[in-house]
Amino acid sequence: MLPEIKGLNEECGIFGVWGHQDAAQLTYYGLHSLQHRGQEGTGIVVSDGKKLKGVKGEGLVAEIFTSEAMKELTGTSAIGHVRYATAGGGGYENVQPLLFHSQMGSLALAHNGNLVNVNSLKHQLEAQGSIFQTSSDTEVLAHLMKRSGYSDSKDRAKNALSMLKGAYAYLIMTETELMVALDPHGLRPLSLGSLGDAYVVASETCAFDVVGAEYIRDIRPGELLIINDQGLVSEQFAVSSTKAICTMEYIYFSRPDSNIQGINVHTARKNMGKRLAMEAPIDADVVTGVPDSSISAAIGYAEAAGIPYEMGLIKNRYVGRTFIQPSQALREQGVKMKLSAVRGVVEGKRVIMVDDSIVRGTTSRRIVNLLKEAGATEVHVVISSPPIKNPCFYGIDTSTKEELIASDKSVEEIRELIGADSLTFISVEGMMNALGQEGTNGYCLGCFNGNYPTEIYPDTLQYYYQK
Ligand code: SF4
């Protein structure tokens with residue numbers, strides 16, 4: 001059963017270290033910098049070369065890893081995970097890294113992404129006698145590795161990974177090695193760095209900056225890296241023909257100080273704003289961005305349009321996460337608590353409000369309302385992504401097709417529903433141009449244009465297209 005989906009949400013983040021005496025502490029800091037990718041649960045597993053040991057829980061990094069908990073995590077290698085529940089839903093048992101013990105040794109898994117053939121794999125594995133401890137798709141890899149029949153862990157991993165379809169960035173740790181794998185399309189970001197003699201791996205390069213690591217390179221699609229005390233070996237478990245990194249990582253998910261494939265996320269967003277100023281020139285008094293992910297694009301728009309950028313909206317950072325609030329009425333109240341319009345900035349002004357995306361339209365309507373209640377005479381909404389018309393099957397929580405406002409409505413119909421004076425989405429060409437690309441090759445745009453880089457399996461389709 002796939003989870004109930006409420007809106008556009010970040011996914012998971014992973015971080016790993018091999019060969020450092022402060023492995024757990026570094027992983028803590030790394031995960032802290034990746035907290036924006038998932039706030040529901042977190043865990044760290046360490047290896048001291050003889051055994052694996054883990055601490056995990058539901059909550060934020062700073063809540064779970066108390067100083068008492070950190071004392072448990074002694075070792076020279078570690079992997080960690082921050083989770084936003086996608087396939088399999090929430091619950092303690094699904095918090096990662098998942099840890100398995102067998103007579104062959106122990107295995108810890110941390111996964112970012114979503115497998116699209118998980119149900120058929122689970123059916124096959126259960127028919128062969130597997131019993132799953134979690135409802136997460138991540139666990140499938142451990143069963144496939146165990147059943148592969150190869151004696152060498154690298155061969156077990158390569159054989160198992162070749163059966164997975166969808167998006168996956170995996171950290172696989174045993175007592176004696178750390179394996180790092182990225183799906184054949186490279187849908188999710190994953191980078192390799194070094195810290196002295198140690199290796200570090202992270203979903204985003206911002207985690208390297210926090211721990212003082214140096215970026216080496218991005219993990220290649222279909223690559224399996226094996227890191228142990230002898231060094232690092234790179235192998236391909238699949239040859240990618242259609243590389244397809246998620247464009248949403250640039251638009252919304254990743255932190256502005258991260259670089260993906262050599263492109264800085266803040267710069268990409270700023271370029272999107274500049275491009276929007278060309279595509280949607282508007283006569284207005286101020287430009288404002290919806291904090292935090294739209295501020296870079298708003299600055300770009302303002303700079304290119306020659307209109308002042310102002311802090312027209314303020315985010316209250318101390319409001320709890322909306323998902324813990326039980327009813328729609330409380331969720332709506334939560335949005336008001338989270339964002340405030342700055343009356344002194346917007347009163348009597350024609351405002352251009354830059355946002356990164358429109359999913360269901362409800363949040364955009366509330367923000368337009370906030371600005372008008374604070375005295376804005378006009379609110380022009382410009383969006384730094386193309387309309388999201390299709391769901392994502394690769395671990396990004398974009399709602400079901402029927403919940404996506406752009407799936408069956410025109411731009412004019414959406415404008416009317418959100419109460420804006422005008423509405424513009426960046427064009428696909430403009431977005432790719434902002435990323436320094438001529439066409440869409442090398443990128444996934446599935447949620448915008450419906451061209452998915454992998455086959456999508458019927459049981460997954462049925463859920464996302466439910467009516
Ligand atoms: S479908 Fe959209 S959100 Fe999902 S991986 Fe592709 S671009 Fe990213």
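Atoms within each ligand, like the ligands themselves, are counted from 1 in listed order.
Of all atoms in ligand 1, numbered sequentially from 1 with element shown, those under 4.0 Å from a heavy atom of Cys246 are 3 (S), 5 (S), 7 (S), 8 (Fe). The ligand atoms of ligand 1 that sit less than 4.0 angstrom from a heavy atom of Thr247 are 7 (S). Under a 4.0 Å criterion applied to the non-hydrogen atoms of Cys447, ligand 1 contributes the atoms 1 (S), 2 (Fe), 3 (S), 7 (S).
Partner of Asp421 under the side-chain hydrogen bond (donor to acceptor under 3.5 Å, both in side chains) criterion, out of His380, Arg415, Lys372: Lys372 alone.
Both tests do not hold together for Lys389 against Phe448: distance to the six-membered ring centre under 6.0 Å, angle to the ring axis within 45°.
Taking the charged nitrogens against the carboxylate oxygens, Arg188 and Glu249 do have a contact shorter than 4.0 Å, which makes a salt bridge. In this structure, Glu455 does not pair ionically with Lys165, as no charged nitrogen and carboxylate oxygen lie closer than 4.0 Å.
Distances from atom 8 (Fe) of ligand 1 show that Cys444 has no N/O/S atom below 2.8 Å.
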